[in-house]
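These numbers come from a predicted model, not from an experiment. Read the numbers this way: they start at 1 and go in the same order the structure lists the ligands and their atoms.
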Amino acid sequence: MNLNSAITELKGVGEKRAKLYEKLGVKTVGDLLEYYPRGYLDLTGSLAIADARTDEPCAVKAVVTEKSPTKLVRRGLTVTKVRATDMERDLLLTFFNAKYIVDALKIGKEYIFYGDFTKKLTGGEMNSPLVFPAEEGGFMPQYPLTEGLSSKMISAQMRSALGEYGALVEESLSTELLEKYDLCSKREAINSIHFPPDEETLERAEKRLIFEEFLEFSLGMSLTKGKTRLANAPAFKDTDVSEFTKNLGFELTGAQKRVIADCLSDMSTDVPMNRLIQGDVGSGKTAVAAACMFAAAKNGFQSAIMAPTEVLAAQHRATLEKMFAPFGIKVGLLTGSMKQSEKTAVKAAVKNGEITVVAGTHALIQDDVEFSALGLIITDEQHRFGVRQRLALTQKGGAPHTIVMSATPIPRTLAFVLYGDLDVSVLDEMPKNRLPVKTYLVGPELSQRAMSFVRKFAEEGKQSYIICPLVEQSEEGDLPLEAAADLAERLTGQELVGCAVGLLHGRMKPAEKERVMEAFAENRIQVLVSTTVVEVGVDVPNAVCMVIENADRFGLSQLHQLRGRVGRGREQSYCILISGNRSPETKRRLEVVAKTNDGFKVAEEDLKLRGPGDFFGFRQSGIPMLKMADLMSDVNILEIAKKAAADILAEDPRLDMPKNAALSRRVQKMLEAAAM
Ligand code: ADP
Ligand code: MG
């Protein structure tokens with residue numbers, strides 16, 4: 001019997017349920033014990049009906065007095081009413097399609113009911129409450145679920161797992177550490193995180209587990225980095241890029257000059273640069289990247305720039321080609337969907353050094369891409385890439401310098417989790433000739449007017465984007481969303497008759513997409529109807545108007561990114577957000593975007609509303625999931641854990657002292673999981 005026992009060893013877990021657990025990443029009893037709740041139902045406090053408040057989730061304790069027969073109200077809907085009392089006030093409970101729950105309730109027995117409560121004269125009412133035996137109480141763990149598994153089932157199995165296997169939980173931190181940082185034992189933490197007796201104990205358990213998580217993560221990052229540090233980066237001797245920047249056709253902003261200087265100074269030494277460049281959309285990150293790549297080329301090294309989409313990679317290639325042509329620096333493109341023969345040719349040219357700068361998507365990190373002398377790697381709009389992909393690219397050649405460029409402000413904690421420790425430069429100044437984009441929020445009744453606006457621009461030789469959400473039916477069924485293709489067709493036939501309307505969406509073949517983007521860049525397409533594929537990075541300064549249909553379907557930061565596609569030239573630009581959603585909350589959110597052009601402010605609001613997980617698309621980006629830690633609020637523990645990790649490694653650089661053995665095993669396991 002050990003923690004690696006399959007979860008089927010537990011009572012009540014058969015093959016079928018084990019499959020469900022597997023979906024949650026839980027295969028062994030040990031996995032289950034470390035499957036932490038995401039929250040708790042608070043069944044402490046007063047459970048009297050008189051103290052419950054309307055329209056809040058409340059817990060009340062009451063004795064069941066009467067059950068009405070289940071009624072079939074209409075096909076597929078049954079209703080059962082249950083009366084209960086706490087001897088002082090009465091409670092009327094209504095259950096829908098829940099005969100099995102009601103059948104299990106016993107008249108004369110006391111239960112805790114949890115749910116939204118409505119106060120009435122003689123007591124109150126609840127619809128579809130959760131039911132717990134009265135003796136349970138306390139904090140009820142709520143787990144992240146998958147269909148077929150409820151928190152109730154998981155907690156029942158958790159109880160038996162803790163009972164049978166709890167004593168086998170291994171302490172991973174040395175006694176020294178536990179004392180120094182005043183942490184409770186692992187066993188205690190695991191017990192209390194699932195079934196906390198009170199708030200204080202819960203907090204102690206959380207602190208211990210968050211600390212452990214950050215500590216292991218920090219150690220893992222340091223150990224991995226230590227390996228790459230062994231190789232030296234190329235030191236660029238010649239860091240004069242003035243001939244290049246003079247040729248750009250615009251004066252660099254002060255911020256651009258400063259950030260370029262930061263990078264050049266880093267790259268002049270053989271310690272690998274690891275720098276994050278943050279700058280709002282339109283702040284001119286590409287020119288900064290190009291200047292750095294120019295420096296690499298001047299010193300005889302290749303550069304790679306990775307973009308999250310094919311459209312953007314192709315655009316980088318085009319922009320860089322133009323910038324570098326006068327200097328005889330050859331630029332190539334490598335994306336997953338290119339023809340095999342083209343790919344082979346580009347790879348050969350990268351390998352023999354003929355191509356100096358290569359733009360690409362994740363195809364760039366595939367194993368068979370070899371460089372002759374890779375000196376610099378730049379990843380654009382980084383948070384869409386996973387740590388794993390980034391590590392893979394870093395392993396391409398010795399230890400190249402790396403730059404990460406992001407338009408979204410990244411909280412320090414998240415930056416650490418994504419990139420390990422890195423230096424940050426901020427592009428906090430917009431090019432001078434910019435006018436802020438004028439943004440309006442309107443209802444669908446004005447969509448005709450928006451289109452005549454677009455038409456007027458087309459007649460003046462200026463271009464527009466019309467953005468619509470992905471092809472999908474809205475859940476409520478009341479707003480059938482128009483697919484991009486249908487919309488383009490309708491507009492060509494009606495509102496925009498006579499304009500050159502183009503279409504861009506994610507399901508098109510990459511070559512087709514590229515053709516459309518090229519036509520738009522050359523103003524052969526005047527109005528581009530598109531899904532969010534234009535969201536990042538696309539740069540067509542002659543586009544001055546963007547209409548966003550069903551704007552409420554987008555996240556705020558996403559709207560800001562989209563809007564960043566206009567306002568790139570000297571002309572006044574416009575963004576029209578169309579939304580038929582009448583909820584005041586939605587309106588308030590959209591008004592944030594309409595009122596400010598500051599991406600950091602928009603992102604802040606977005607973070608407040610959605611939380612970092614959602615905001616950064618955790619799951620897609622493959623960040624090793626931090627199970628406990630909250631990236632926004634646990635900064636303090638992170639700092640302490642980082643310090644602790646540094647202390648540990650100072651004494652035991654490879655974690656092979658016996659007191660660190662358990663910790664070392666966990667770190668290895670984490671690294672293996674992250675590399676999978
Ligand atoms: P982002 O930071 O969003 O990636 P880009 O690098 O695409 O921004 O730059 C946006 C536009 O601004 C481009 O057309 C670029 O040529 C232009 N640009 C960049 N820097 C300057 C500058 N200092 N002065 C004027 N225009 C600039
Ligand atoms: Mg960009």
Side-chain angles (χ1 to χ4, degrees), residues 241-242 244-261 263 275-294 305-325 359-361 378-385 403-410 424-437 462-463 465 517 520-523 532-544 546 557-571 573 575 597-600 602-603:
V241 295
S242 56
F244 174 76
T245 52
K246 262 193 292 202
N247 206 45
L248 279 170
F250 47 75
E251 172 77 6
L252 290 172
T253 64
Q256 282 172 316
K257 285 183 195 158
R258 195 187 65 235
V259 175
I260 291 172
C263 295
R275 188 170 282 278
L276 169 68
I277 299 178
Q278 289 189 344
D280 203 352
V281 274
S283 57
K285 293 186 286 294
T286 316
V288 173
C292 295
M293 293 195 268
F294 181 81
I305 179 161
M306 262 212 313
T309 65
E310 303 226 343
V311 169
L312 192 52
Q315 186 188 288
H316 274 325
R317 196 264 298 259
T319 312
L320 295 171
E321 215 158 42
K322 232 181 277 161
M323 288 176 170
F324 288 143
T361 51
I378 301 177
T379 39
D380 195 5
E381 313 293 349
Q382 166 73 26
H383 67 257
R384 295 175 170 240
F385 286 111
I403 293 176
V404 165
M405 301 199 297
S406 169
T408 337
I410 302 176
V424 183
S425 296
V426 184
L427 280 171
D428 51 5
E429 183 185 346
M430 285 287 172
K432 277 192 207 61
N433 55 14
R434 282 306 148 65
L435 289 166
V437 179
K462 293 179 211 152
Q463 293 165 279
Y465 296 94
M517 273 321 294
F520 189 61
E522 291 165 8
N523 200 0
T532 51
V533 284
V534 298
E535 181 187 340
V536 279
V538 171
D539 184 31
V540 179
N542 190 47
V544 296
M546 175 175 280
S557 291
Q558 202 179 10
L559 287 173
H560 181 70
Q561 292 279 324
L562 281 165
R563 170 173 64 181
R565 300 312 109 216
V566 295
R568 309 200 131 226
R570 285 162 198 279
E571 301 280 343
S573 291
C575 175
N597 262 288
D598 182 338
F600 279 48
V602 172

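A donor-acceptor contact under 3.5 angstrom links the side chains of S425 and R275, judged on distance only.
Contacts between R434 and ligand 1 below 4.0 angstrom, taking non-hydrogen atoms only, involve the side chain exclusively. Residue contacts with ligand 1 for E251 involve N, CA, C or O but no side-chain atom from C-beta outward (heavy atoms, distance under 4.0 Å).
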Let me see the working for M430 and T253 under side chain to side chain contact (heavy atoms under 4.5 Å, CB included), right down to the final yes or no.
CA-CA 7 Å; M430 285 287 172; T253 64; over 6 Å; no

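Atoms of ligand 1 found under 4.0 Å from any heavy atom of D539 (numbered from 1 in listed order, with element): 11 (C), 13 (C), 14 (O). Numbered from 1 in the order shown, with element, the atoms of ligand 1 that lie under 4.0 Å from a heavy atom of V281 read 3 (O). Within the listing of ligand 1, atoms 23 (N) sit less than 4.0 angstrom from a heavy atom of T253. Against a heavy-atom cut-off of under 4.0 Å, T286 is close to the following atoms of ligand 1: 4 (O), 5 (P), 6 (O), 7 (O). Atoms of ligand 1 found under 4.0 Å from any heavy atom of Q256 (numbered from 1 in listed order, with element): 19 (C), 20 (N), 22 (C), 23 (N). Distances below 4.0 Å separate heavy atoms of L252 from the following atoms of ligand 1: 23 (N).
Between R434 and G282 the shortest heavy-atom distance is NH1-O, 2.7 Å. Closest heavy-atom contact between C263 and C292: CB-SG, 3.5 Å.
Here the side chains of R568 and V540 are not in contact, with every heavy-atom distance at 4.5 Å or above.
The aromatic rings of F294 and F244 sit parallel to each other, their planes meeting at less than 30°, with 60° as the upper class boundary.
Between G282 and ligand 1, a contact under 3.5 Å exists for at least one N or O pair.
Residue S283 places a heavy atom under 4.0 Å from ligand 1.
Salt bridge absent: K285 and D380 never bring a charged side-chain N and a carboxylate O closer than 4.0 Å. With respect to K257 and E251, a salt bridge is recorded, a charged nitrogen being found less than 4.0 Å from a carboxylate O.
The nearest non-hydrogen atom to atom 24 (N) of ligand 1, considering only P431, A407, G284, comes from P431.
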